[in-house]
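Numbers for residues simply follow the sequence, beginning at 1. These numbers come from a predicted model, not from an experiment.
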Amino acid sequence: MNGDPVEAVQETPVPRGQGAANQNYVFFEKWVHIQTTLNKLGSKCAIFFEFRHYKPDKKKRSIKSYCMLEMDEIRSGPIQLEIYKKPANYKRNRDPSLLSVKPFYLHLDLRIDTVEG
């Protein structure tokens, strides 16, 4: 677990909008494809999802929060990941801190494709 990236960063477009009357949701509704096969990633890898926002005063994008999907959590179907405070800890050498005392989750629908060969 050295924290080095295995693949290039994948950007998703700006979310299509906030949902529900109370605006507790942001919808991305985009596919993200991990190109490396799961057996090549290894049991100690994790997939990170970073939530970035634009800071107009600094004219840059910054990480607001992040989630991580560890290898033992990968299975087909819906999954919920806790949202953690920045900075992202890619080496995972300390416990992450939750973004809020409120229950915030990233909801994913995972699909595992079998590669023939």
Q: Evaluate the criterion side chain to side chain contact (heavy atoms under 4.5 Å, CB included) for residue pair I74 and I47; output intermediate values, then yes/no.
A: CA-CA 10 Å; I74 294 179; I47 299 169; 4.2 Å; yes
Q | Closest approach of F51 to C67 (non-hydrogen atoms, all atoms of both residues) | A | CE1-SG, 3.6 Å
Q) Are the aromatic ring centres of F49 and Y66 under 6.0 angstrom apart? A) no
Q | By salt bridge (Lys or Arg N to Asp or Glu O under 4.0 Å) - contacts of D57 (at least two apart) | A | none
Q. Within the distance-only criterion (no hydrogens, no angle test), does the side chain of Q10 pair as donor or acceptor with the backbone N or O of H33 below 3.5 angstrom?
A. yes
Q. Of all residues at least two apart in sequence or in a different chain, which pass the salt bridge (Lys or Arg N to Asp or Glu O under 4.0 Å) check with R94?
A. none
Q: Kindly write out the residues that satisfy side chain to side chain contact (heavy atoms under 4.5 Å, CB included) with R52, not counting sequence neighbours, or none if the list is empty.
A: E11, E50, R61, I63
Q. Excluding sequence neighbours, so at least two apart, what forms side chain to side chain contact (heavy atoms under 4.5 Å, CB included) with K40?
A. T36, T37
Q: Output, in order, the C-alpha distance, side-chain angles, deciding distance and verdict of side chain to side chain contact (heavy atoms under 4.5 Å, CB included) for L98 and K85.
A: CA-CA 6 Å; L98 290 174; K85 289 180 186 177; over 6 Å; no
Q.
Measuring from atom OG of S43 to atom CG of L38, what distance do you get when rounded to the nearest 0.5 angstrom?
A. 12.0 Å
Q) Given the rule that I, L, V, M, F, W and Y join up when any side-chain heavy atoms are under 4.5 Å apart, are I83 and Y105 in one cluster? A) no
Q. Once you round to the nearest 0.5 Å, how far does CZ of F48 lie from CG of N89?
A. 6.5 Å
Q) Which atom pair, heavy atoms only, marks the closest approach of D109 to G77? A) OD1-C, 3.3 Å
Q: Before accepting this row, confirm whether a basic side-chain N of the pair D113/R111 lies closer than 4.0 Å to the acidic partner's carboxylate O.
A: yes
Q: Check the surroundings of atom CG in N93: do more than 12 heavy atoms from other residues, nucleotides or ligands lie under 6.0 Å from it?
A: yes
(Q) So, using side chain to side chain contact (heavy atoms under 4.5 Å, CB included) as the criterion, who are the partners of I79 when residues are at least two apart? (A) L69, E73, R75, L81, L108, L110
Q: Compare all side-chain heavy atoms of M68 with those of Y90 and state whether any distance is below 4.5 angstrom.
A: no
Q) If you count the non-hydrogen atoms of other residues, nucleotides and ligands that lie under 6.0 Å from NZ in K86, is the total more than 12? A) yes
Q. I112, M71: one ILVMFWY side-chain cluster at the under-4.5 Å cut-off?
A. yes
Q: With sequence neighbours excluded, tell me which residues meet salt bridge (Lys or Arg N to Asp or Glu O under 4.0 Å) with E70.
A: R92
Q) Any side-chain heavy atom of V6 sitting closer than 4.5 Å to one from I34? A) no
